[in-house]
Amino acid sequence: MIHFDNYPFIDISEVNRCLLCHDAPCTASCCKQMPVGDILRSIYFSNGMGAINRMDGKTCATCEAPCEQACVLNQHTYPLPIKSILNHLTEGSLSQYEALTSTADMPDISTDICGVKLENPFMLSSSVVASNYEMIANAFRAGWAGVSFKTICNFPQHEASPRFSTISNHANAFCGFKNIEQLSDHSVDENMEVFRQLKAEFPNKVIVASIMGQNEEEWTTLARKCEEAGADVIECNFSCPNMENDKLGITIGQDATLIERFTRATRLGTNLPILAKMTPNITDMVPMAIAAKRGGADGIAAINTINSITGVDLESLVAKPEVHGYSMVGGYSGQAVKPIALRFISDLGHSEELADMHISGMGGIESWIDAVDFLALGANSLQVTTSVMQYGYRIVEDMISGLQFYLKAIHMDQLKKLSGVARKTVVSHTQVERDTILYPHFNHEQCIGCGRCYVACMDGGHQAIAFDTKTRRPKLIGSKCVGCHLCRLVCTRSAIGVARKRVIPNQA
């Protein structure tokens with residue numbers, strides 16, 4: 001069995017302690033001259049095959065692990081067990097995955113936006129990460145195929161400080177991210193000069209010009225100026241939730257008439273492909289996307305951020321982020337919104353009226369696995385912001401190689417063959433089979449006896465697990481089990497699998 005995300009013999013909880021340092025001291029100290037920091041980052045982002053490839057056949061078996069002494073965690077708690085992690089990565093796995101981790105005959109992961117070629121599907125979405133020449137040039141050099149430039153407009157921006165808040169896990173990784181930021185704070189002329197510079201230096205990279213007008217004339221004029229400056233695609237921002245003017249952004253995206261009108265105005269100014277960027281702050285996105293198509297859009301970009309409040313400061317009792325004693329509802333992004341984004345991508349893909357429309361998917365993309373999810377449900381290109389804000393442009397390396405290794409493993413030679421393959425598996429509630437049970441199966445060799453499965457099943461399931469406190473081993477009570485698989489989800493060691501076949505309950 002190929003473990004696409006990572007390998008069962010690696011303690012991922014230890015890898016997740018890695019700080020993903022800039023100019024990693026562990027790399028500088030490696031006596032084998034391995035890119036240790038990059039290897040750990042590959043594992044962190046579920047690219048185990050990429051990590052093995054980076055090791056280039058080297059091992060740490062006889063090494064004294066100077067990388068662990070150099071680890072910055074050594075100054076505060078205890079270092080990452082780097083030698084153990086890398087040894088576990090190669091021992092017993094290198095021969096198994098050697099053919100897959102070779103970079104020979106790698107699949108073609110190029111795609112396009114309505115005929116505009118992308119060398120890979122990964123672009124930066126319209127935000128602070130794509131807001132000036134220096135940043136975008138660095139992103140292009142890192143491997144990003146394109147950018148959706150931070151939304152260009154003709155009116156001044158008045159930003160708040162601070163403007164971000166998060167919901168984080170115990171390792172301080174963002175689960176969800178709230179922003180109350182608006183649009184580009186540079187003039188239209190300044191941004192057009194950036195387009196010209198970028199196109200001169202990076203002619204094969206794709207520039208998507210995100211625009212927002214206050215009226216039809218502005219939508220037309222902005223589109224024309226962006227095309228003249230070298231943009232490849234126009235993206236109509238119908239969905240920013242943070243606008244100071246409540247007649248713009250999300251307000252447009254919730255009104256099919258306005259979407260059609262302003263898309264049509266944009267089409268008057270350009271012959272370039274047009275993407276309409278949709279708001280998720282609506283029950284059904286499909287009618288809004290169809291309105292954009294009527295207006296002349298060639299594709300849909302989805303989703304923008306979700307209206308949110310991330311919490312309240314426990315000392316000031318003011319909602320976050322606090323700005324002079326107040327806050328506001330803001331746009332929520334990051335891993336937490338991915339399931340919502342995938343639902344909208346699936347909805348768009350199921351619409352026959354939108355069958356010929358390009359879908360540029362976004363919302364919680366952090367790794368190549370997230371990319372596969374979006375692509376398999378119908379996205380044709382991908383956009384990323386929040387994970388870049390936390391980890392930097394460098395994450396695209398593992399997105400690219402992880403996606404390539406995965407496609408190679410499943411014998412798919414072109415990325416385009418992946419688009420939409422899982423769409424047909426999403427069916428209505430009445431079409432899901434409900435007469436059999438797939439029971440969980442306990443692997444006692446892998447189980448460490450924590451009892452989390454027992455607690456979860458007792459208090460949140462169907463009391464279908466017994467737990468022997470002497471042997472510290474769980475046992476399934478088949479007569480009570482309904483096959484919900486909560487136990488599998490809470491297991492910290494992947495020690496609970498599934499039975500070989502489904503059974504009819506009364507015949508179990």
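Among pairs with a residue in residues 114-134, those fulfilling salt bridge (charged side-chain N to carboxylate O under 4.0 Å, His left out) read Glu119-Lys205, at least two apart in sequence or across chains. Identified under the ring pair (Phe, Tyr, Trp, His ring centres under 6.0 Å) test for residues 259-286, with sequence neighbours left out: Trp219-Phe262. Residue pairs satisfying the salt bridge (charged side-chain N to carboxylate O under 4.0 Å, His left out) criterion with at least one member in residues 39-55, sequence neighbours excluded, are listed as follows: Asp38-Arg41, Asp38-Arg54, Arg41-Glu397, Arg41-Asp398, Arg54-Glu397, Arg54-Asp398.
Side chains of Asn179 and Thr305: a donor-acceptor N/O pair is absent below 3.5 angstrom, by distance only. Side-chain contact, Thr430 with Ser428: a donor N or O sits under 3.5 Å from an acceptor N or O. Looking only at atom types and distance, the side chain of Thr111 has no donor-acceptor partner in the side chain of Ser381 under 3.5 Å away. A donor atom on one side chain and an acceptor atom on the other are not found under 3.5 Å apart for Ser239 and Thr279. A donor-acceptor contact closer than 3.5 angstrom is absent between the side chains of Ser187 and Asp189.
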Trace of the side-chain contact (heavy atoms from CB on, under 4.5 Å) decision for Trp144 with Val206: CA-CA 9 Å; Trp144 295 88; Val206 173; over 6 Å; no
Steps toward side-chain contact (heavy atoms from CB on, under 4.5 Å) verdict (Ile113, Asn380): CA-CA 8 Å; Ile113 301 178; Asn380 309 105; over 6 Å; no
Trace of the side-chain contact (heavy atoms from CB on, under 4.5 Å) decision for Met123 with Ser148: CA-CA 7 Å; Met123 301 190 296; Ser148 180; 5.8 Å; no
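The shortest side-chain heavy-atom distance between Arg141 and Glu201 falls under the 4.5 Å cut-off.
The side chain to side chain donor-acceptor pair (under 3.5 Å) search around Asp356 returns Lys293, not counting sequence neighbours. In this structure Tyr391 satisfies the ring pair (Phe, Tyr, Trp, His ring centres under 6.0 Å) test together with Tyr44, Phe45, sequence neighbours excluded. The ring pair (Phe, Tyr, Trp, His ring centres under 6.0 Å) test applied to Phe149 returns Phe195, not counting sequence neighbours.
Listed for the Ser110 side chain is no donor-acceptor partner under 3.5 Å among the backbone atoms of Leu118. The main-chain N or O of Thr220 is never found under 3.5 Å from a side-chain atom of Arg267 such that the two would form a donor-acceptor pair.
Nearest heavy-atom pair across Ile365 and Ala371 is CG2-N, 4.4 Å.
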